[in-house]
Amino acid sequence: MGISLFMEVIMQQTQTINILSVEDQKLMRIGIKSLFEDYPEMQIIAEARDGKEAIEKAKLIKPEIILMDIGLPDMSGIEATKKILEYNNNIKVIMLTSHISEQEVTDSLTAGASAYVLKDIVTEVLMMIIKTVKQGAMWLDPHVVPFIREKNCGIIPSRQLSRAVFKERHSNLTQREYEVLKLVVDGQSNSQIAKTLTISEHTAKAHVCNIIQKLVVDDRTQAAVKALKEGLV
């Protein structure tokens, strides 16, 4: 590897993820910004208090990631997301909200949001989501996955694979793992899966871990999203 190529790889590995935080409450903005103090690979480079300011700053600074609240004073974060992505669809928007209505989840994803995250999320998980979304992944809070499964009206494009094609492409999934996958998509926890299938919680957890490995995803939510996208369930 040449020196110039080597340096380029090093720069890509150490490049900071630039983030725009959109939140109307000052204390929340301070709190969100403080979360990144221990994560130097990510940085909030600007903040916005409403939708109009978010659109202006998104055009000006071109952040890689936007943490977008839904309940903004002038326009909803959903409308702001739509306008921002119409201008620049390379930006990834993460809805960071306390709202969990089915309509808002549906509208957020239709507007082009890459993730729907509730504000009580663990900091480490939020940082993981930011990194995976930057790479093109999609992430949904487990509480909202059932909404999408019940009303998947083109929000997550489904390829509607036949069972024959499913078996061909995912023959490494056992029948039991397929049953567990369907329950994961329904938003069931390991303990709920265990009760549904009359197995131990330890066995349920092992099945979920195997599914995550075999579908080549990072967590159970990404497994559910992949299952919906490919029409596996």
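Model, not experiment: these values are computed from the prediction.
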Verdict with reasoning, Lys214 to Glu177, per salt bridge (charged side-chain N to carboxylate O under 4.0 Å, His left out): CA-CA 10 Å; Lys214 290 180 179 182; Glu177 287 167 351; 2.9 Å; yes
With Asp24 via side-chain hydrogen bond (donor to acceptor under 3.5 Å, both in side chains) - residues at least two apart: none
Test side-chain hydrogen bond (donor to acceptor under 3.5 Å, both in side chains) applied to Lys82 - qualifying residues, sequence neighbours left out: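 Testing Lys82 for side-chain hydrogen bond (donor to acceptor under 3.5 Å, both in side chains), a comparison that skips the adjacent residues, returns none.
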Is [Y] close to [X] at the side-chain level, that is, under 4.5 Å between some pair of heavy atoms?
| X | Y | result |
| --- | --- | --- |
| Val217 | Ile212 | yes |
| Lys131 | Glu41 | yes |
| Ser200 | His202 | yes |
| Glu79 | Asp107 | no |
| Leu183 | Leu197 | yes |
| Thr81 | Ile66 | no |
| Met138 | Ser114 | no |
| Gln188 | Thr196 | yes |

Hydrophobic cluster of Ile32, others only, ordered by chain and residue number, side-chain cut-off 4.5 Å: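 Taking Ile, Leu, Val, Met, Phe, Trp and Tyr as members, Ile32 shares its hydrophobic cluster with Ile17, Ile19, Met28, Leu35, Phe36, Tyr39, Met42, Ile44, Ile65, Leu67, Ile94, Leu96, Val117, Ile121, Val122, Val125, Leu126, Met127, Met128, Ile129, Ile130, Val133, Trp139.
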Audit row: Arg29, Lys33, side-chain contact (heavy atoms from CB on, under 4.5 Å) steps and yes/no: CA-CA 6 Å; Arg29 290 199 303 274; Lys33 192 169 185 177; over 6 Å; no
Counting distance only, does the side-chain N/O of [X] pair as donor-acceptor with the main-chain N or O of [Y] below 3.5 Å?
| X | Y | value |
| --- | --- | --- |
| Glu56 | Glu53 | no |
| Lys57 | Glu47 | yes |
| Thr16 | Asn18 | no |
| Glu23 | Gln25 | yes |
| Gln192 | Ser189 | yes |
| Thr203 | Ile199 | no |

Show the nearest heavy-atom pair for residues [X] and [Y], with the distance to one decimal.
| X | Y | result |
| --- | --- | --- |
| Met95 | Ala113 | CG-CB, 3.6 Å |
| Ala80 | Gly51 | CB-CA, 4.0 Å |
| Asn190 | Ala204 | O-CB, 3.6 Å |

Stepwise side chain to side chain donor-acceptor pair (under 3.5 Å) check, Ser101 with Glu104: CA-CA 5 Å; Ser101 78; Glu104 286 169 324; 2.9 Å; yes
Chi angles and distances behind the side-chain contact (heavy atoms from CB on, under 4.5 Å) call for Met68, Leu72: CA-CA 9 Å; Met68 179 74 75; Leu72 300 176; 4.1 Å; yes
Within one Ile-Leu-Val-Met-Phe-Trp-Tyr cluster: Ile100 and Val93, side-chain cutoff 4.5 Å: yes
